[in-house]
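Working notes for the structure below.
We're numbering straight along the sequence, starting at 1.
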Amino acid sequence: MSKEKPEKNEEIKEEVQEEKEVQESEENSLENELKDTKDQLLRTAAEYANFRARSAKEKEQTYNNAKGSVVAEILPVIDNLERALAGEGSDYDALKQGVQMTMDGLMASLEKLGVEQYGESGDTFDPNIHNAVMHIEDDELGENIICDVFQKGYKIGDRVIRAAMVKTAN
């Protein structure tokens, strides 16, 4: 019996030692997995921060490009106005013709940019795109008819840039 006890003690010690080694191996494995997960999380956070910065920069560039395109479309109109003001003649008809040509050029530029002008006398009043500042009673005109336009409205697609300022009837 005495021989069996030391052998059993030895076996138990070996089992305990093996269990410790297995536990240490599992701990090392878990620590490595945790370290990898932390590293992956830090990389993802850094990639997201870079993405946000890059997106903000691209948005700013797009905005600046759009502004540049609009200004480039309007510059010829400014040039025509400068030429009209520099003219020394006092010919009213020539000045009026020059201003009309400049206005036509400006409207063509706005049309290229997708800007649509609206608000004409005789149109039906729509509170979503018109701003009624006056109202009259007139039996000759129908109900909710625009009878006078003080400022034309402008929109791009469905987005109203400026509502038309109008006088309505009935």
Side-chain angles (χ1 to χ4, degrees), residues 31-170:
E31 284 177 9
N32 286 338
E33 190 176 330
L34 178 63
K35 185 178 176 182
D36 290 345
T37 304
K38 272 185 173 180
D39 184 53
Q40 203 172 27
L41 183 62
L42 288 173
R43 288 178 190 272
T44 303
E47 284 178 21
Y48 181 68
N50 290 339
F51 169 76
R52 282 187 12 209
R54 188 172 53 252
S55 294
K57 185 178 178 182
E58 288 172 0
K59 183 178 177 183
E60 182 69 23
Q61 284 176 337
T62 301
Y63 178 72
N64 286 334
N65 290 342
K67 280 194 316 187
S69 295
V70 169
V71 170
E73 284 295 325
I74 295 174
L75 287 177
V77 175
I78 293 171
D79 294 339
N80 288 337
L81 287 171
E82 286 176 341
R83 280 192 285 277
L85 291 173
E88 295 181 19
S90 60
D91 184 9
Y92 175 75
D93 288 333
L95 180 62
K96 185 176 178 181
Q97 183 183 6
V99 170
Q100 184 60 51
M101 289 172 59
T102 303
M103 179 67 172
D104 293 343
L106 177 59
M107 294 313 293
S109 294
L110 290 176
E111 191 176 307
K112 279 184 191 175
L113 295 169
V115 177
E116 182 182 334
Q117 178 180 318
Y118 68 93
E120 298 288 332
S121 292
D123 288 352
T124 303
F125 176 75
D126 179 354
N128 295 315
I129 61 173
H130 298 105
N131 180 17
V133 294
M134 293 179 76
H135 180 80
I136 62 167
E137 294 295 328
D138 189 343
D139 295 333
E140 293 178 16
L141 296 173
E143 192 172 327
N144 285 331
I145 297 297
I146 296 171
C147 57
D148 201 3
V149 178
F150 301 115
Q151 277 185 342
K152 295 211 178 200
Y154 294 90
K155 62 183 180 177
I156 297 176
D158 291 338
R159 181 177 168 239
V160 174
I161 298 171
R162 181 178 81 184
M165 191 183 307
V166 298
K167 181 192 323 185
T168 61
N170 305 323

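Residues passing the side chain to side chain contact (heavy atoms under 4.5 Å, CB included) test with N128 are D126, sequence neighbours excluded. Residues satisfying the side chain to side chain contact (heavy atoms under 4.5 Å, CB included) test with K167, not counting sequence neighbours, are M134, I136, C147, D148, F150. Annotation: side chain to side chain contact (heavy atoms under 4.5 Å, CB included) contacts of E47 (sequence neighbours excluded): none. Shown here are the side chain to side chain contact (heavy atoms under 4.5 Å, CB included) partners of E140, two or more places apart in sequence or in another chain: D138.
Interatomic distance, I146 CD1 to M165 CE, rounded to the nearest 0.5 Å: 13.0 Å. With values rounded to the nearest 0.5 angstrom, D123 atom CG is found 12.5 Å from N144 atom CG.
For the pair I78/L75, a side-chain contact is recorded, criterion being any heavy-atom separation below 4.5 Å from C-beta on. Between T62 and K59, the closest side-chain pair of non-hydrogen atoms is not below 4.5 Å. At least one side-chain heavy atom of I156 sits less than 4.5 Å from a side-chain heavy atom of I161.
Remark: the D36 side chain and the Q40 side chain contain no N/O donor-acceptor pair separated by less than 3.5 Å.
A 6.0 Å sphere centred on CD of E33 holds no more than 12 heavy atoms belonging to other residues, nucleotides or ligands. The number of heavy atoms from other shown groups lying within 6.0 Å of CG (N64) is above 12. Within a 6.0 Å radius of CE in M101, other residues, nucleotides and ligands contribute 12 heavy atoms or fewer.
A ring pair (Phe, Tyr, Trp, His ring centres under 6.0 Å) check over residues 97-134, counting only residues at least two apart or in different chains, returns the pairs Y118-H130, F125-H130. Sorted pairs that involve residues 36-74 and meet ring pair (Phe, Tyr, Trp, His ring centres under 6.0 Å), not counting sequence neighbours, are lacking altogether.
Exactly one residue among E116, R162, Q117 makes a side-chain contact (heavy atoms from CB on, under 4.5 Å) with K155. That residue is E116.
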Could you go through E82 and D79, starting from their C-alpha distance and side-chain angles, then the distance that decides it, and tell me whether this counts as side-chain contact (heavy atoms from CB on, under 4.5 Å)? CA-CA 5 Å; E82 286 176 341; D79 294 339; 4.0 Å; yes

Should I145 and T124 be marked as a side-chain contact (heavy atoms from CB on, under 4.5 Å) after you check the CA-CA gap, both sets of side-chain angles, and the distance that decides it? CA-CA 5 Å; I145 297 297; T124 303; 4.3 Å; yes

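A salt bridge is defined here as a Lys NZ or Arg NE, NH1 or NH2 lying under 4.0 Å from an Asp or Glu carboxylate O, and D39 with R43 meets this definition.
Across N170 and L141, no two heavy atoms sit closer than the pair ND2-O, 2.5 Å.
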